[in-house]
2 protein chains.
Amino acid sequence: MKDSIWTRERKATSPRETLSRKQIVAAAMDILDTEGVSGLSMRKLAAKLVAGATSIYWYVDTKDDLIDLLIDEVWGEIDVPEPELAGWRAGALLFGHSLRSAVLRHPWLPEVMYTRPSIGPNAMSMGSRGLVLFGAAGFSEHEIDLAMGSVMSYVLGTVSAEVATREMVRKSGRSEENWVSEILEQAQSVASDYPEMQKSVRRRTAMDLDAGLTENFVFGLDALLDGLESRVKK
Amino acid sequence: MKDSIWTRERKATSPRETLSRKQIVAAAMDILDTEGVSGLSMRKLAAKLVAGATSIYWYVDTKDDLIDLLIDEVWGEIDVPEPELAGWRAGALLFGHSLRSAVLRHPWLPEVMYTRPSIGPNAMSMGSRGLVLFGAAGFSEHEIDLAMGSVMSYVLGTVSAEVATREMVRKSGRSEENWVSEILEQAQSVASDYPEMQKSVRRRTAMDLDAGLTENFVFGLDALLDGLESRVKK
DNA sequence: GACGATCTCGTACAGTGTGCGAGCCCTTTG
DNA sequence: CAAAGGGCTCGCACACTGTACGAGATCGTC
């Protein structure tokens, strides 16, 4: 077994003031959260750390490896309730919300998440706790995997689309209302041949953005959990 | 309303042999499908078209706009059954499968899809037909949006994760069996502290990859549709 | 034949990830 | 105390990116 990113970590044995993987990850996370994926360059990151551009490469083999680290950092923020506390269903709901808000806190995640599998330690820990939670529902061993996977996929898929919308608003620099009216205009002109779509866009833009997105999320998650629950009772 | 990418299309009025947006999109699609996002550069694309690197910019303002075009091209491949043919539920299932297989045909999609909203003409057409389909189920106007959105999010989320796995296999260059055993090894070593996860990984790698991923997809979609269906009958 | 529109493309610029190797500092060994 | 060696930093260089700019080619129309 050749050592992976996760196992091979340099440690400073000297008291000299030195960089560390922790610092690097923290600084990179900061850039990512505020400026997005395109805002993260090795040179900028190094500048933020008051270091030479290539010094980072002592701690991390490639930029991609760094991003793996950052992704796993996010998985570390998810909390997965233990089933004893509130039961399976409530736990799954909480898990979903925790996952969603973590992604909203780190809106760069969808852009990079789907290009690699997550096998870092935090991902493993989250997965493990998730399996315990879903295991308490009474699924068969095989269905535990399927159920947890479908919930995670739904949540991540939904919130990824949500992020796309929200980032659009943010990048436009305009206020939310202005943006809504603009996108309405744009969508209308493209969708003029499709009255159903036109009406749907109007419906969506008529309501509060935050509330709408949240309702969206909850509606589907609830439905999915209903469907899953019915699969266990037999 | 300032003209958008969708409305502003150059048309060759001269018989002279000239580039066209259609050619460009087709060539770019080819590169994307075979080499992925990182394989698409304006220079390489131009070379494939036997043209100067910057000639493309006559038809397309930026690379990002080109990608918008390409994404919409994919939405054009989705078929959405009319509800009269097979009913709502069967139609939704078909829609889901069509969506999934389109993404599997264009595995670069998840990487770019979540960085922008889809408001091209094909997206609108797909959305419109989707709304008709879900409308036939008997939801309220508002719930139609929610239901369709949740199904699309589930499908795209699931298949995006699926693509991440599949691309990993492809990029490793190794055969599927070799990769499976390797990832097992890697995951095991990281997950050694998490027995549930270790067992789950073993379960997944024990079965056929294709079959497993498909079962995964169908299981969740079915559960979600169950949950949605129960919301309409009251 | 002249003009304006359409279209192509060479050059250039600022930026990217990162391989390489020179050099600094600190600890350990003799 | 000196020498050796490992841990760590960083300047330089390379190949590559997206694309702004402006000069030129080719066309239809007057």
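Order of the sequence lines fixes the chain letters, A, B, ..., with proteins taken first and strands second; residue numbering starts at 1 for each chain.
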> Got a sec, which residues hit salt bridge (charged side-chain N to carboxylate O under 4.0 Å, His left out) with Asp72(B), two or more places apart in sequence or on another chain?
Replying inline: none
> Tell me, which pairs form a salt bridge (charged side-chain N to carboxylate O under 4.0 Å, His left out) where one or both residues lie in residues 48-57 of chain A, sequence neighbours left out?
Replying inline: Asp30(A)-Lys48(A)
Within this structure, what is the [atom1]-to-[atom2] distance between [X] and [N], rounded to whole angstrom?
X	N	atom1	atom2	result
Asp61(B)	dC7(C)	CG	P	15 Å
Trp58(A)	dT18(C)	CH2	P	17 Å
Leu66(A)	dT16(C)	CG	C1'	15 Å
Arg21(A)	dG7(D)	CZ	C1'	15 Å
Ile24(B)	dT8(C)	CD1	C1'	12 Å
Lys63(B)	dG15(C)	NZ	C1'	14 Å

> Any side-chain N or O of Tyr59(A) under 4.0 Å from OP1/OP2 of dT9(D)?
Replying inline: yes
>> Between Thr18(A) and dT9(D), is there a contact of a side-chain N or O with OP1 or OP2 at under 4.0 Å?
In response: yes
> In residues 26-45 of chain A, which ones come under 4.0 Å of DNA chain C, going by heavy atoms?
Replying inline: Leu40(A), Ser41(A), Met42(A), Arg43(A)
> In terms of heavy-atom contacts, does NZ of Lys199(B) have more than 12 from other residues, nucleotides or ligands at under 6.0 Å?
Replying inline: no
>> Once rounded to the nearest 0.5 Å, what's the spacing between atom CD1 of Ile56(B) and atom CG of Leu45(B)?
In response: 4.0 Å
Applying side chain to side chain contact (heavy atoms under 4.5 Å, CB included), can you list everything that pairs with [X], at least two apart in sequence or on another chain?
X	answer
Ser150(A)	Leu224(A), Leu228(A), Tyr154(B)
Thr115(A)	Glu111(B)
Leu104(A)	Arg100(A), Val159(A), Glu162(A), Val163(A), Arg166(A)
Arg105(B)	Glu77(B), Ser101(B), Ala102(B)

> Sequence neighbours excluded, which residues qualify as ring-ring contact (aromatic ring centres under 6.0 Å, His included) partners of Phe217(A)?
Replying inline: His97(A)
> Of all of residues 46-56 of chain A, which get a heavy atom below 4.0 angstrom from DNA chain D, listed by number?
Replying inline: Ala51(A), Gly52(A), Thr54(A), Ser55(A)
